[in-house]
Number of protein chains: 2
Amino acid sequence: MERGRGALGPALELVHTGRAPTRAVLTAELGVTRATAGAVAAELEALGLIQVDARPAAAAGSQGRPSHRLSVAPNGPVVLAAQIHADGFRASLVGLGGRTVATAPGCMTVPADPSHIIDAVVAAGAGLLRGTGRRCLGAGLAVPSAVAEPEGTALNPLHLSWPAGAPVRELFTESLAKAGVTGPGGAPLAGVAGNDVNLAALAEYRHGAGRGARHLLCVATGHRGVGGALVLDGRLHSGSSGLALEVGHLTVNPAGLPCHCGSRGCLDVEADPLAFVTAAGREPGPAVSLLQQSRDLIRSEYADPGVRAAVELLIDRLGLGLAGLVNILNPDRVLLGGLHRELLEADPERLRAVVADRSLWGRSGSVPILACTLDHGSLIGAAEAAWQPVLDDPLAVLGCGS
Amino acid sequence: MERGRGALGPALELVHTGRAPTRAVLTAELGVTRATAGAVAAELEALGLIQVDARPAAAAGSQGRPSHRLSVAPNGPVVLAAQIHADGFRASLVGLGGRTVATAPGCMTVPADPSHIIDAVVAAGAGLLRGTGRRCLGAGLAVPSAVAEPEGTALNPLHLSWPAGAPVRELFTESLAKAGVTGPGGAPLAGVAGNDVNLAALAEYRHGAGRGARHLLCVATGHRGVGGALVLDGRLHSGSSGLALEVGHLTVNPAGLPCHCGSRGCLDVEADPLAFVTAAGREPGPAVSLLQQSRDLIRSEYADPGVRAAVELLIDRLGLGLAGLVNILNPDRVLLGGLHRELLEADPERLRAVVADRSLWGRSGSVPILACTLDHGSLIGAAEAAWQPVLDDPLAVLGCGS
DNA sequence: GTATTTTGTTCAGCGTCGGCACAAAGTCAG
DNA sequence: CTGACTTTGTGCCGACGCTGAACAAAATAC
C-alpha cells in the first residue's frame, strides 16, 4: 500500500495477457522504474492475484541476472462465466490468464422463459464454485443476441425463443444472488451480460489470434445470421447503446434473397450456414445443426463441385461484406469464426483476394485475415468481461483490507 | 509549476470547448479539489492560454460568492489552419475556443503539383502571422482526400489533379520551415494533415452541433463523392492507418450506376451533387460548382416536381447508407454536411423515417440527425488537430521556462 | 446589519513515484 | 577457478502533485 497503486491495473492486465512474463519486461511495458514495478508486483502477489517465481526456468543465452518469472496465481480467485446458445448452455470458472478451471456443460432445449435457463446455468456455475472452493470475483454471461446498454436487455435473441427485450443482466444478477454466489466479503455480485460475438472478440484479443492488434474486427456466424465485433485499443466498442457491429444487413448480393429487414441480399441471409447448405444443393437440417452440417460438407465433400461452388459463392459474398467493413472501420486485423472460419480455411487466397479487390486501398486490402483460435471464445470472453473491474482497479474490487 | 500539472491538459480542453465557464464548474468537471482547480487555472493563466475575470458578468439568481469567469485568452497564441479544396485554398489563424483571428482566402485552379499550392497556402498563413504578430503553436492542413497514417500521404485526392500518395504532411512541414513559421522558441513546427471531413467532424464535436455527443458520426458531400468521419469519446477515429470511414462504397441502390470501385450503386455515385443534379433532370455544370448548383435547385426550385423527386430519391439513398452506418457504428448523434445537410433541411422527416426504418433497433433508429453548424468546419478542424498536442500536455509544448 | 451560501486562497501533510546506490545472480574471458 | 561485466531486485531519500481543513472574500436572504 505504499508504492505503485496507480499502475496496479495495467500491470495486472499485462500479466493476465501474458505480455509481462518477467519483472524486467513489466518495468519496460509500464514505463516506470524497477523500484515501482517491483512494488507493483509485490502488491499483486500480496493480493493473491499473481505469482513470482524467484527460480527462473531457463535463461537461454541472455547475460546478466535472470529475471524472476511473473505468472498468474494458480490457485487465485476466479470468475463465473456462462454462455447460452441455441442448443444449451455452458458454465465455467475461469481464472486470470483465460485459464478455465472447471466446466459444466449442459444441453437442453432452451425454454422460452429466459429466467429458467439463466437459473440453470448459474446453478451449474455455483455448483462448480462449491466444488472447488475458489473465491469468485465476478460473473459474465454471453448470449446470442445484441445486448442494449445501459439496460442490459437482449434485443434480438433470434435463435432462442425468448421475447425481445428480455432483461438478461438483471435476471443474471438476481439469479446469482438466489444461488448464493457472492463477491469478496459476501457482497452481492453484479453480473455483466454481452453479445457472444462481442465477447469472443474480446477473448481473442486478450488470449487468442487477436493478441497485439490495435483495431480488431471479428465476424462470425453460428447457426443463423452473422455477427460482428470490434475491439479498439483493447476496449470492446459496443457503440453508444451496445448495438454496434450489427453487420448482418450489409448488402452483399443486390439480386439476393429478401431479408426480414425489408431489404434484399443482406449478409445475414447470404452468408450464414443456411445459405451455404442451400447453395450446395443440400436439404437443410434442423437449425441447431446447420453449422455442423456445413462443416461436414466442407471437410468431407469438398471434392463435390456443388459444395466447392457453394464455398466460392459464400466466400465472394462474405468478402464483399468484409471489404465494406474494412472500408468503414480500417482494422489492422480481421478474425473469422464459425462457418466463416471454415470458409477462410477452405480457400484463404480467394477470400483475401476479394477483400483486397473491394476494399479501396491496397494497404487496407492487405489487412491480415485470420481464424479465431479459442475454443468456447464467447465463454472466455464472458470471463474477460467479468474480470474487467479487477483489471481496471484491483484494489477497488478486492478492498485494501483483504 | 507546483500544483495541478497532471490535470492541466483536461482543464485546458474544458475551457477550450466552453464546458468550464467558471472555476467552480472546472472543479466539478475535473473531479479535484478547489485548491487544485485554482492552481491549474493560475498555471494556465500564467502560460497565457486562458483569462480569469474576477469581475463576474451577471450572477443571475444564484446565491453565494460569484465565480470568476474562465475564458480563452483573447490575445493568446494561435495555430495556423489551412484548407485546400477543389477550387482554391483558405488559410486562417485560429485561437483557442475555435476563434478565427484572421483569414486569407485564395481562389485558383489547384495545380497538379501539391507542393505549389501547399507553399501558397502556407505563405498566406505566414503573412497573417507577420501581420498579427501572434505566437504560433502548431499548424494543421485539411485536404479532400484520405490521409494515410503514419506516413501522412494523400491517397485519393480525387477532385484535385494530384498524384495518389502525395506526401502532404511532409510537404506541409517543409513548407512551414521554408516560410519561416516556427513554434515556441524558434523550434521547427511539425504540421499535421488530415481528411477534410474528419477534421470538420472534430470541429463540430468541439465547437458545433456535435458538442456533448459520445459517438459522433459525420457524413458529408462536397462536389463529388461522399465522406464520413467518426469521433469516439472525443478522439477522432481514423482507423489503424487513417483510412476509416471511407463510406462511399456502401451499396445503396443495387440496380444503380457503376462505380469506379467495380461495384454498382455505391453511395459515392448515388448520393453526391452530380447524382442529384442528374436526377433532377438538369444539365450538370462544372464539377466545382455542382454543390452550389444543387443548393440553388433545392432552395429556389423546390416547387419543381423534378427537383422534389430528386430530393426524395437522394434522401432515400442517403438514408439507406446512414442506416447501414448506424447499424455498424451505433453513434448517438449523426451530423450531415454539404449537400446532405441541404437534403436533411429540405425534408427532415423523410430522412429520419428512412433511417429509423432501416436501422434495426427502434432505439438506434431514433438517433438524432442534425445539420453541421460551423462555417469552414474543416478549417476549424485543422486548427483543432494542430491544437491537440497543447490540449494533451500544455507544458510539453510551451516548455516549463516560457 | 447579520446569517447563510458559495467561492477563492493558503498551508500543512501525505501518498506515489523517480533517481540513486547497493546487493544479488547470472554469463563471459582468461 | 577467478575476476570483470551485465542485468535484475531492493532500500532510501527527495520531489512533485494532490487532498483536506481552516480561513478569507463576495454575493444573497432575512
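Convention: sequence-line order gives letters A, B, ...; per-chain numbering from 1. For the numbers below, each heavy atom of this structure counts, side chains included, while hydrogens, waters and symmetry mates do not.
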Given atom [atom1] of [X] and atom [atom2] of [N], what is their separation to the nearest angstrom?
X	N	atom1	atom2	value
B:L395	D:dC16	CG	C1'	13 Å
A:L26	D:dT7	CG	P	19 Å
A:Q63	C:dA24	CD	C1'	16 Å
B:H68	D:dA27	NE2	P	9 Å
B:R69	D:dA27	CZ	P	15 Å
B:E43	C:dG8	CD	P	18 Å

message: What I want to check is whether an N or O donor and acceptor connect the side chain of B:R65 with the base of C:dT7 at under 3.5 Å.
response: yes
- prompt: Taking 4.0 angstrom as the limit, do A:D53 and A:R23 come out as a salt bridge?
  reply: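 Here A:D53 does not pair with A:R23 in a salt bridge, since their nearest N and O are not under 4.0 Å apart.
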- prompt: Between A:E204 and A:R333, is there a salt bridge with N-O shorter than 4.0 Å?
  reply: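 So A:R333 does not pair with A:E204 through a salt bridge.
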- prompt: Of the non-hydrogen atoms in A:V94 and A:A81, which two are nearest, and what is the gap between them?
  reply: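 Closest pair (atom of A:V94, atom of A:A81, distance): CG2-CB, 4.0 Å.
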field: Any A:R34 side-chain nitrogen or oxygen under 4.0 Å from OP1 or OP2 of C:dG18
entry: no
message: Can you tell me if B:T36 touches the phosphate of D:dT19, counting only side-chain N or O atoms and a distance under 4.0 Å to OP1 or OP2?
response: yes
field: Global bending angle along the helix from C:dG1-D:dC30 to C:dG30-D:dC1, which compares the axes of five pairs at either end, to 10 degrees
entry: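 Comparing the axis at each end, I get an angle of 10°.
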- prompt: Of all the choices, D:dG20, C:dA25, D:dT8, which nucleotide is nearest to the side chain of A:A24 once you look at every atom?
  reply: D:dT8
Given C:dG26, D:dG20, C:dG19, the nucleotide with the shortest approach to the side chain of A:T33: C:dG19
Non-hydrogen side-chain atoms of B:Q388 and B:L391 separated by less than 4.5 Å: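 Side-chain contact under 4.5 Å: yes.
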Heavy-atom side-chain proximity of B:P74 to B:Q51 below 4.5 angstrom: yes
- prompt: Starting at the 5' end of DNA chain C and moving along, which residue's nearest nucleotide shows up first, B:T27 or A:G64?
  reply: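 So the residue in question is B:T27.
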query: For the side chain of A:T173 and the backbone of A:G191, is there at least one donor-acceptor N/O pair under 3.5 Å apart?
result: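 Confirmed, A:T173 side chain pairs with A:G191 backbone.
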